[in-house]
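Worksheet for the structure shown next.
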Amino acid sequence: MIARQSQLFIPTLREAPADAEAVSHKLLVRGGYIRQVAAGVWTFLPLGWRVHQKVVQIIREEMDAIGGQEMLMPVLTPLELWEQTKRDRIPELFHLQDRAGREYVLPMTHEETVTFHAKEISSYRQLPQLLYHFSIKERDEPRSRGGLLRTREFIMKDAYSFDRDDAGLAEVFEKSEGAYHRMFQRAGLEYSAVQAESGMMGGEESVDFLAPSGSGENTLVTCENGDYAADLEIARSIPRPATFPASHDAPKEVATPGVTTIEALAEQLGIDAAATSKAMPVVKTDGTLVLGLVRGDDRLSESKMLGVLASDYRPATGDEIRAAFGAGGGSLGPVGVDVEVVADEALREGHFVAGANRDGWHLLGVEAGRDYAPRFADIRESREGDRCPVCGGALRFQVAIEVGHIFKFGDRYSTPLGATFLDEDGTERPLIGGSYGVGPARVMAAAVEQHYDENGIVWPPSIAPYDVHVLSLDGGSAEVLARAEGLAGTLGREGLDVLLDDRDERPGEKFADADLVGCPVRLIVGKRTLDDDGVDARTRDGASDERIAGADVLKWVQQH
RNA sequence: CGGGGUGUAGCUCAGCCUGGUAGAGCGCUGCGUUUGGGACGCAGAGGCCGCGGGUUCGGAUCCCGCCACCCCGACCA
């Protein structure tokens, strides 16, 4: 296939739009791949759509390879379905009515709809099933950001599996995980599969696929030895050891006038911040006050705390704190309080300085178990300097994009929607399901975040908009142009996607645009190459750059 | 929803403080010269200065309100 650039709509920009921050956002806009229509709403221009389609095709092939069946479910969805699963109250859900007042939603995923169809499965003999589609998702995000990184409308490949039991589900889940590894590898991404939060809608098991990136909303924690990877929200790790001052037989009061921060406390007492404890009073949805306690140098992990409390919560207000503890926020501690204390595991051993629940005073030598009886849990957020929980190796923290997420949902949808089947023994059971999502646009953005240089995008060959970019530096010479056209034609007939820059532009401009667009292989035809009947061939990554004979071009392209 | 910021030509921005009939660079059109890393000359086109109200003889500029967009946070099946 050969495309003439002189006739295409590829509006490249010399400068990045002022509001762009992320590299992928800047380069995809500058390269003429995407344009913004409204906040979080984007058009894929012809070039961008080609890349998107290439990613889609890879995903499709890998899904089909594990027995997935492609279909298409509608965007417009009756509200009733979502009422039945109680997801109609999700704030991100778009609602609308038709002229007769019937209510609809614009779904953010299709569990309800696919389960609605799965009601037609009536026998174990029809199981398992793996259904998927590529469709538009709508989410009323309070805040979209970073170009394609987080949008309010996007295309997602979402697959749904239905099985008779957990064993069947485990099998598809594993197969899907394998397919996901293959698709991200094929797309040229660096990524990690990590155990993820199951989420409020999810079920038992959940795996996130995170691609390290210059911009993103997740933090990927990996061990240097490759034996541990997790999302920061749930990452476990070994904190550095604390250096303790002398111990005491019982907590000993010490005056700390005006000291309300850990830094000030550690400095005044001349001790390691890790030898102090930090108290974070929170209030659960039912109004119960709980005191979270972490080491002074640690941060409370909001997501871990959420799991431990099994309830939503908020920080206690100043008034609530004073009422419960009789002191201000900077002077709180676990000794002698009436509320439940949830202490981080790091506080299990050692004697720590803690607030005395009296303004201007702290306690020295506070020991868990002896001086207060906490419930221990892992509630600290991992941080730089921690060691791997598996092997003790150094941990690495990277900003990352979530490109895929798979999770088991069991009968979360089949039970409320009444999707049951008759099992072999004649009993009626709910279908057991799993959900497997991946965002092609995020794969695209992640690929750019990972592969670019100061001049533009350096596409992984598998998802580049065109395989080969032929530049005709004809400067009006019909002979050169004819040569370039012939070359493009030859490659096109071999099944390569060729972009021929036959525009009436100066060489510098063609080079700059070619760098920006980022096709993996570039072939330059000009007066210089006409002389020896050759072509200048180079790869976008700069690894190869050489004059080759015309007859060798096909071979060269296939090798690079 | 909280905090910060920006809306002036297709893009990047100046002008606003201190009111006086709209600017630059790039891009665009035509002609000519050029042609291996974003050329040069000449001649042009292009703006409800985000929207509404107010103050004023006069508002891009000052005041009030609204809207949009971006960044940080909250949120994120």
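Worth knowing before you read on, the calculation uses all heavy atoms, side chains too, and leaves out hydrogens, waters and symmetry mates. Just so it is clear: chains get the letters A, B, ... in the order the sequence lines come, proteins before strands, and each one is counted from 1.
Within the 4.0 angstrom heavy-atom criterion, base atoms lie near A/Arg30. At the heavy-atom level, A/Arg522 lies under 4.0 Å from base atoms of the strands shown. If you check every strand for non-hydrogen atoms under 4.0 Å, A/Pro17 touches sugar and phosphate atoms only. Among the atoms of the strands shown, base atoms are found under 4.0 Å from some heavy atom of A/Asp513. Within 4.0 Å of A/Gly475, counting heavy atoms only, lies at least one base atom of the nucleic acid. Residue contacts for A/Leu471: at a heavy-atom cut-off of 4.0 Å it reaches no nucleic acid atom on any strand shown.
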Distances for protein N or O near nucleotides 27-34 of chain B N or O, under 3.5 Å:
residue, atom, partner, partner atom, Å
B/U34, O2, A/Arg506, NH1, 2.4

Dump the pairs, protein N or O against N or O of nucleotides 70-73 of chain B, anything under 3.5 Å, distances to one decimal.
residue, atom, partner, partner atom, Å
B/C70, OP1, A/Gln36, NE2, 2.9
B/C71, OP1, A/Gly146, N, 3.3
B/C72, OP2, A/Arg143, NH2, 2.2

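Aromatic ring pairs are classed by plane angle as parallel below 30°, tilted from 30° to 60° and perpendicular above 60°; the pair A/Trp556 and A/His560 is parallel. Note: A/Phe209 and A/Tyr191 have tilted aromatic rings, judged against thresholds of 30 and 60 degrees for the angle between ring planes. Ring orientation note: the planes of A/Tyr180 and A/Phe184 are nearly perpendicular, at an angle over 60° on the 30°/60° scale. Ring orientation note: the planes of A/His110 and A/His133 are nearly perpendicular, at an angle over 60° on the 30°/60° scale.
Nucleotides of RNA chain B nearest to A/Ala16 and A/Thr529 differ in position, and the one nearer the 5' end is that of A/Ala16.
Atom CG in A/Asp140 sits roughly 17 Å away from atom P in B/C75 (whole-Å rounding). Rounded to an integer number of Å, the gap from CG of A/Leu13 to C1' of B/C13 is 14 Å. We find that NZ of A/Lys26 is positioned 12 Å from P of B/U12, with the value rounded to whole Å. Rounded to whole Å, the distance from CE on A/Met108 to C1' on B/C75 is 12 Å. Rounded to an integer number of Å, the gap from CD of A/Glu15 to P of B/A24 is 17 Å. Atom P of nucleotide B/C75 and atom CZ of A/Arg152 are separated by 19 Å, given to the nearest angstrom. For the pair A/His405 NE2 and B/C76 P, the interatomic distance rounds to 14 Å; values are reported in whole Å. When rounded to the nearest whole Å, the span between CD of A/Glu141 and P of B/A74 equals 14 Å.
No donor-acceptor contact under 3.5 angstrom links the side chains of A/Glu479 and A/Ser477, judged on distance only. With no hydrogens or angles considered, no side-chain donor-acceptor pair links A/Gln195 and A/Glu205 at under 3.5 Å. A donor atom on one side chain and an acceptor atom on the other are found under 3.5 Å apart for A/Ser161 and A/Tyr436. Remark: the A/Asp286 side chain and the A/Thr288 side chain contain an N/O donor-acceptor pair separated by less than 3.5 Å.
In this structure B/G10 sits in a base pair with B/C26, meeting the Watson-Crick or G-U test at under 3.5 Å. Here B/C66 sits opposite B/G50 as a Watson-Crick or G-U wobble pair (both hydrogen-bonding atom distances under 3.5 Å). Pair assignment for B/C76: none, as no Watson-Crick or G-U wobble contacts are both less than 3.5 Å. Base pairing annotation: B/C40 forms a Watson-Crick or G-U wobble pair with B/G32, both donor-acceptor distances under 3.5 Å. With a cut-off of 3.5 Å on both Watson-Crick or G-U wobble distances, the partner of B/U55 is given as none.
Between the C1' atoms of B/C11 and B/G54, the separation comes to 34 Å (whole Å). The same atom, C1', is picked in B/G7 and in B/U21; the two are 23 Å apart, to the nearest Å. Nucleotides B/G46 and B/A24, compared at atom P, are 15 Å apart to the nearest Å. Nucleotides B/U8 and B/A60, compared at atom P, are 15 Å apart to the nearest Å. If you take atom P in B/A39 and the same atom in B/C49, they sit 33 Å apart, rounded to whole Å. Taking atom P in both B/G50 and B/G41, the straight-line distance is 32 Å, to the nearest Å.
Residues passing the side-chain hydrogen bond (donor to acceptor under 3.5 Å, both in side chains) test with A/Gln5 are A/His469, sequence neighbours excluded.
For CZ of A/Phe116, the number of neighbouring non-hydrogen atoms (other residues, nucleotides, ligands) closer than 6.0 Å is 12 at most.
For the side chain to side chain contact (heavy atoms under 4.5 Å, CB included) criterion with A/Ser24, the lone passing option out of A/Ile401, A/Leu148, A/Leu149 is A/Leu149.
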